[in-house]
Amino acid sequence: MRPRVLLAIFVGGVFGGLTRYGIGRAWPPRVDGFPWDIFAINIFGAFALAVLLVLVMEVLPQVRYLRPALGTGFLGAFTTFSSLATAADHLFAHGHPGLAMAYIAGSLFGGVAAAAFGLFAARNLIALRHRASTAEGSH
C-alpha cells in the first residue's frame, strides 16, 4: 500500500467517523426505540458509495485518491456494520425482538435498494450530461 493512499484513507476515515458521531449526537435514538440515526446513516452511505463508484469508474477514473479517501475512508467510517449489530443487540437484550428483526431486515433491504438506486441515478445523470454535451457540440 502506498503511504499517500493510506493517508487518504486515514483522513477520510477521521471525517467520516466525526460526521457519524455528530449525527448520533444531534439525533440520538430513544433508549428502546428504532435506531433511526444508524439506519439513516447506513442507508445514505449505501447510496453514496454506489454513486461514488459510478463517478470514480466512469467520470473521474484518473483521480487516484478519491475512492480511498471517500469510499474506504469517509464512507467506511461513516457507515458501520458494528453500529447496526450493536443497535440490534441492544433491542434484543431489552425485550424488543420484533423491532430488532425489523431493523435488521430494513437495514439489509434498504441498503441494497439504496445502492441500486444510487447506481441507477448516477448512471442516468451521466447519460443526461453526455446527451446534453453532445447536443451542445452539434449546434
From Phe74 atom CZ to Leu52 atom CG, the distance as rounded to the nearest 0.5 Å: 11.0 Å
Which heavy-atom pair separates Ala122 from Val51 by the least distance, and what is that distance? CB-CA, 4.1 Å
Nearest-0.5 Å distance that lies between atom CG in Asp89 and atom CG in Leu84: 11.5 Å
Could you go through Leu119 and Val54, starting from their C-alpha distance and side-chain angles, then the distance that decides it, and tell me whether this counts as side-chain contact (heavy atoms from CB on, under 4.5 Å)? CA-CA 7 Å; Leu119 291 172; Val54 172; 3.6 Å; yes
If every non-hydrogen atom of Ile41 is compared with every non-hydrogen atom of Phe78, which pair is closest and at what distance? CG2-O, 3.0 Å
Search all heavy atoms of Ala77 against all heavy atoms of Gly13 and return the closest pair with its distance. CB-O, 3.2 Å
Report the C-alpha separation of Ile104 and Phe92 in whole Å, then their side-chain angles, then the decisive distance to 0.1 Å, and conclude whether the side-chain contact (heavy atoms from CB on, under 4.5 Å) test is met. CA-CA 11 Å; Ile104 292 168; Phe92 276 119; 4.1 Å; yes
Plane angle bin for His94 and His90 - parallel if under 30°, tilted between 30 and 60°, otherwise perpendicular: tilted
Is the number of heavy atoms from other residues, nucleotides or ligands under 6.0 Å of Tyr65 OH greater than 12? yes
Is the number of heavy atoms from other residues, nucleotides or ligands within 6.0 Å of CZ (Arg67) greater than 12? no
Taking C-beta and beyond as the side chain, do Leu49 and Leu53 meet within less than 4.5 Å on heavy atoms? no
Treating Ile, Leu, Val, Met, Phe, Trp and Tyr as nodes and any side-chain heavy-atom pair under 4.5 angstrom as an edge, say whether Leu99 and Ile43 lie in one connected cluster. yes
Heavy-atom pair of closest approach, residues Pro35 and Ala87: CG-CB, 3.7 Å
Side-chain heavy atoms nearer than 4.5 Å, only ILVMFWY residues, links allowed to pass through others: does that put Val11 and Leu18 together? yes
Assess the residue pair His130 and Glu58 against the criterion (side-chain contact (heavy atoms from CB on, under 4.5 Å)); give the C-alpha distance rounded to whole Å, side-chain angles, the decisive distance to 0.1 Å, and a yes or no. CA-CA 12 Å; His130 179 69; Glu58 297 179 17; over 6 Å; no
Would you name the heavy atoms of Ala88 and Ala100 that are closest together and state the gap between them? O-CB, 3.7 Å
CZ (Arg2) and CG (Leu7) are apart, to the nearest 0.5 Å, by 14.0 Å
Answer yes or no: are there more than 12 heavy-atom neighbours, outside Phe10 itself, under 6.0 Å from its atom CZ? no
Residue list, side chain to side chain donor-acceptor pair (under 3.5 Å) with Ser83, at least two apart or on another chain: Thr80
Should Leu125 and Val63 be counted in the same cluster of Ile, Leu, Val, Met, Phe, Trp and Tyr side chains packed under 4.5 Å apart? no
About how many Å separate CZ of Arg129 and OG1 of Thr134, when rounded to the nearest 0.5 Å? 10.5 Å
For Phe39 and Tyr103, take the angle between the two ring planes, folded into 0 to 90°, and tell me which bin it lands in: parallel under 30, tilted 30 to 60, perpendicular over 60. tilted
Which heavy atom in Ile9 sits nearest to a heavy atom in Pro68, and how many Å separate them? CG1-O, 3.5 Å
Count I, L, V, M, F, W, Y as connected when their side-chain heavy atoms are under 4.5 Å apart, and connections chain through other members. Are Val14 and Val5 then in the same cluster? no
Look up atom CG in Asp37 and atom CZ in Arg25, then write down how far apart they are to the nearest 0.5 Å. 12.0 Å
Does Phe81 share a hydrophobic cluster with Phe47, counting links as ILVMFWY side-chain heavy atoms below 4.5 Å and allowing steps through other members? yes
